[in-house]
Each structure stands twice: as structure tokens, then as C-alpha cells.
Amino acid sequence: MEIEPDQPWWRPEPGSTTAWLLAVRVQPGASRTGAAGPAGVDGAELKIRLASPPVDGRANDELVRWLAKALGVPRSAVTMVRGRTSRSKVVRVVVPRPRD
């Protein structure tokens, strides 16, 4: 999975050159974890299926873990900004600057 600026669910964080905001719609309790394509009004969210149930924050933990692996960033670079108890969430991803 790559950061593609032309997708409606990705947007740069205002005032930052390395952070992006990702709007997601999660489906916990799925048979396997993975991206499922656009969701929401006008495809403004990325639907992600999660194998973990929405119990004790396990689905949120799996979302952060999966996004970090899919984007090739450390887990510490992925944080939940909004929607801990909602299916619609906003996640902040800090990407490393390219080396010159």
C-alpha cells in the first residue's frame, strides 16, 4: 500500500511536511485483515476489514499494526486521531523524509 495523494481518503496534515491523515471505515470481525477499497460518501474513506473483534481496543490495535506494516513505517508512526469507538476513524501517519 502506498500513499497516493490523489486519493480522497489521504490528505497532508496542515502545517506538516511529513504527516498524512488517513480517513478509514473499519469492519471488525472479518475473516481476514486487509483493505477493501473506497467507502463512505463519495469514497472519502478507505474501508479496511479487521479480523479482530471490537473488544477492549483489539480492533484498533490491529488497525495500527496493519497500517504500519502495509505502509512500511514503524508502529510508532501511526496514531489514532479520532474515532476510537467509531467505525469511521482518522489516523495520522508520519512518513520519513526521503534522503538526499
Side-chain angles (χ1 to χ4, degrees):
M1 187 167 152
E2 295 180 19
I3 294 178
E4 299 175 23
D6 59 336
Q7 297 298 329
W9 51 79
W10 276 115
R11 66 181 186 276
E13 183 177 48
S16 175
T17 58
T18 60
W20 287 75
L21 297 176
L22 172 62
V24 297
R25 175 92 177 159
V26 297
Q27 177 188 343
S31 60
R32 64 177 180 227
T33 299
V41 178
D42 298 327
E45 296 174 314
L46 175 63
K47 182 175 183 179
I48 299 178
R49 294 185 178 119
L50 300 171
S52 291
V55 177
D56 298 329
R58 290 186 350 209
N60 287 338
D61 291 341
E62 182 168 350
L63 174 65
V64 169
R65 195 172 35 253
W66 183 83
L67 282 172
K69 183 177 179 182
L71 295 170
V73 297
R75 265 181 88 181
S76 60
V78 181
T79 55
M80 189 95 43
V81 174
R82 189 170 52 237
R84 286 202 177 275
T85 60
S86 172
R87 288 181 182 236
S88 291
K89 302 174 184 299
V90 176
V91 179
R92 181 177 189 257
V93 180
V94 178
V95 294
R97 289 181 173 215
R99 295 183 181 180
D100 295 330

Fill in the blank from the handout: Tightest non-hydrogen contact, residues Pro54 and Ala59, listed as CA-CB, 4.1 Å

Problem - Trp10 reachable from Leu63 in the ILVMFWY side-chain graph, under 4.5 Å edges - result: yes

Handout entry: Transitive ILVMFWY side-chain link Trp66 to Leu71, under 4.5 Å
Key = yes

Practice task
Treat each ILVMFWY residue as a node, draw an edge where side-chain heavy atoms are under 4.5 Å apart, and state whether Val78 and Leu21 are in one component.
Solution key: no

Fill in the blank from the handout: So the side-chain hydrogen bond (donor to acceptor under 3.5 Å, both in side chains) pairs with at least one residue in residues 69-83 (sequence neighbours excluded) are none

Handout entry: Within one Ile-Leu-Val-Met-Phe-Trp-Tyr cluster: Trp20 and Trp9, side-chain cutoff 4.5 Å
Key = yes

Side-chain polar contacts of residues 24-48 - donor-acceptor pairs under 3.5 angstrom, sequence neighbours left out - could you list them?
from, atom 1, to, atom 2, distance (Å)
Arg25, NH1, Ser88, OG, 3.0
Gln27, OE1, Lys47, NZ, 3.3
Gln27, OE1, Arg49, NE, 3.4
Thr33, OG1, Ala51, N, 2.9
Thr33, OG1, Glu62, OE2, 2.1
Glu45, OE2, Ser88, OG, 3.0

Problem - Same apolar cluster (I L V M F W Y, side chains within < 4.5 Å links), Leu67/Val95 - result: yes

